[in-house]
**Q** 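Have a look at this one before I ask anything.
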Amino acid sequence: MKSNVAQIFGVIVAFFCGSLKAIVLDVGVTIPPQQEPVVAVMGTNVNVHVLIEGNQNPHFFKPGAKRLAELSDCEIYFTIGFPGEENVEKKFASNGRPVLVSMVGRATAHNHEHENCEATDIHYWTSPIELKKMAQSVYREACRLMPAQEEYFKSNLQAYEKRCDQVLEESRAALSKAGVKHILSFHPALGNYASAMGISQLAIEKDGRAPTLKVVAAVVTETRKHNIKKLFVQNTGEAEQSKMIVDRLGATPIVIQLLSIEPLKLIEQITAELVK
C-alpha cells in the first residue's frame, strides 16, 4: 500500500514539475535588441514576439492591424520609447492586455521635432550598463508572473550581468589602449555607447534633420582636429545618404546593424572597428 501511494505521489510530483518547466510566456517587444535580455533572463520560459524587424527603419515604421493583433495575445509587452509604440499602447488599452512595462524604467518618448536626440538617446542597448538595467526589468516582471521560477531567473540574470560587465571592461580597456577618445556617427545613436566607454560622440545628423552645410563644416573641423577616420552608419539607408559627407570628411564608412538581435556582440563590433 505504501509503495502504491509513493508511486502515485511520485507521478504527481513529476507531472507538476514537468508542467512548471513547460510554462512558456508570450512576451512582446518593439525592436530586435530587446530580445537578448528577455531570453537571457527567462530562458526556456519565453517566446518573444517583435514588432519591428532589424532591417526596417523604426523612425518611419507604422505597425499594421494584423501585427498588433498578434502582439495583443502576449502576456506582457516591454516598451523602449520607439516610434509606433503609441499605436501599440492604444490598441492594447482597448483590449485590456498585454500589460505594458517600460524596459528601461523611465519615460522614453522619442520625438525628433521636439527633442534633441543627443540629450535623449533612446538607443539604450548600445551600452552594457543599460543592458543590465533592461535585464533587471525583465527579471522583476518574470518573477511577478512566475514566482516559482525566481531562482532560475536570478541565476540567468546574474550570468547575463557578468557578461555585460565583461564586455564593458574589455571594451574600455581596448579603447584606452588604442587612445580612442571619440566616435563619429551619422545619426546620434551611439551616445549611450560613448557614455559607457568614457568617450565622446560626434554626430552629423541633428534632431532627426538632414545636416546643414554649417553642421557639416563643424563636424569636418572636429574630425580633422581629432584625426577621426571612421564614420558609423546604420544599415537602413544611411550609407547612401552619407556618401557626400564621407568624401568630404575623408572617412571610411562603417556599416552597422543598429537593431541587432545580439546587442552585446554589436558593442564588441563597434569597439573592434574603433581600435583597428
**Q** Look up atom CD in Glu161 and atom NZ in Lys133, then write down how far apart they are to the nearest 0.5 Å.
**A** 12.0 Å

**Q** Mind checking whether Gln257 and Pro32 have side chains closer than 4.5 Å, heavy atoms only?
**A** no

**Q** Counting C-beta onward and ignoring hydrogens, is there a side-chain heavy-atom pair between Leu175 and Val275 closer than 4.5 Å?
**A** yes

**Q** Considering all heavy atoms of both residues, which atom of Leu258 and which atom of Ala189 are nearest to each other, and what is their separation?
**A** CD2-CB, 3.5 Å

**Q** Check whether more than 12 heavy atoms from other residues, nucleotides or ligands sit under 6.0 Å from atom CD of Glu169, and answer yes or no.
**A** no

**Q** Kindly indicate whether the side chain of Tyr152, heavy atoms from C-beta on, has any atom under 4.5 Å from the side chain of Thr44.
**A** yes

**Q** Taking it one step at a time, do Arg163 and Glu268 satisfy salt bridge (Lys or Arg N to Asp or Glu O under 4.0 Å)?
**A** CA-CA 12 Å; Arg163 173 67 177 137; Glu268 292 177 322; 3.0 Å; yes

**Q** Report yes if the side chains of Leu259 and Pro33 come closer than 4.5 Å at any heavy-atom pair, otherwise no.
**A** yes

**Q** Donor-acceptor pair, distance only, cut-off 3.5 Å: does the side chain of Ser127 make one with the backbone of Tyr124?
**A** no

**Q** Answer whether the closest heavy-atom distance between the side chains of Leu231 and Thr223 falls below 4.5 Å.
**A** no

**Q** Quick check: closest heavy atoms across Arg97 and Ser72, and the distance to 0.1 Å?
**A** NE-O, 3.6 Å

**Q** Angle class for the Phe82/Trp125 ring planes (parallel below 30°, perpendicular above 60°, tilted otherwise)?
**A** tilted

**Q** Any non-hydrogen side-chain atom of Val180 less than 4.5 Å from a side-chain atom of Thr271?
**A** no

**Q** Given side chains that start at C-beta, do those of Ser200 and His182 come closer than 4.5 Å, heavy atoms only?
**A** yes

**Q** When you measure from the side chain of Thr79 to the backbone N and O of Gly81, does any donor-acceptor pair fall under 3.5 Å?
**A** no

**Q** Do side-chain atoms of Lys132 reach the backbone of Cys164 as a donor and acceptor pair under 3.5 angstrom?
**A** no

**Q** If we ignore angles and hydrogens, is there a donor and acceptor under 3.5 Å between the side chains of Glu36 and Tyr160?
**A** yes

**Q** As an exercise, state the distance from CD1 of Ile270 to CE of Met197, rounded to the nearest 0.5 Å.
**A** 8.5 Å

**Q** Find out whether Phe92 and Val99 are in side-chain contact, i.e. whether some heavy atom of one side chain is under 4.5 Å from a heavy atom of the other.
**A** no

**Q** Could you grab the distance from atom CG of Leu202 to atom CZ of Phe186, nearest 0.5 Å is fine?
**A** 14.5 Å

**Q** How many angstroms lie between CD in Gln149 and CG in Asn156, if you round to the nearest 0.5 Å?
**A** 9.5 Å

**Q** Would you say Leu190 and Val104 are hydrophobically clustered, going by side-chain heavy atoms of ILVMFWY under 4.5 Å?
**A** yes

**Q** Show your working on salt bridge (Lys or Arg N to Asp or Glu O under 4.0 Å) between Glu151 and Lys154 and close with a plain yes or no.
**A** CA-CA 5 Å; Glu151 286 304 312; Lys154 184 177 181 180; 5.1 Å; no

**Q** If you look at every heavy atom in Met103 and Val138, which pair is closest and at what distance?
**A** CE-CG2, 3.6 Å

**Q** Look at the side chain of Asn192 and the backbone N and O of Asp121, then say whether any donor-acceptor pair between them is shorter than 3.5 Å.
**A** yes

**Q** Answer with yes or no whether the hydrophobic clustering places Ile261 together with Ile122; edges join I, L, V, M, F, W, Y residues whose side-chain heavy atoms lie under 4.5 Å apart.
**A** no

**Q** Between Ser176 and Arg172, is there a donor-acceptor pair closer than 3.5 Å when you use the side chain of the first and the backbone of the second?
**A** no

**Q** Closer than 3.5 angstrom, by distance alone: can the side chain of Gln34 be matched with the main-chain N or O of Ile31 as a donor-acceptor pair?
**A** yes

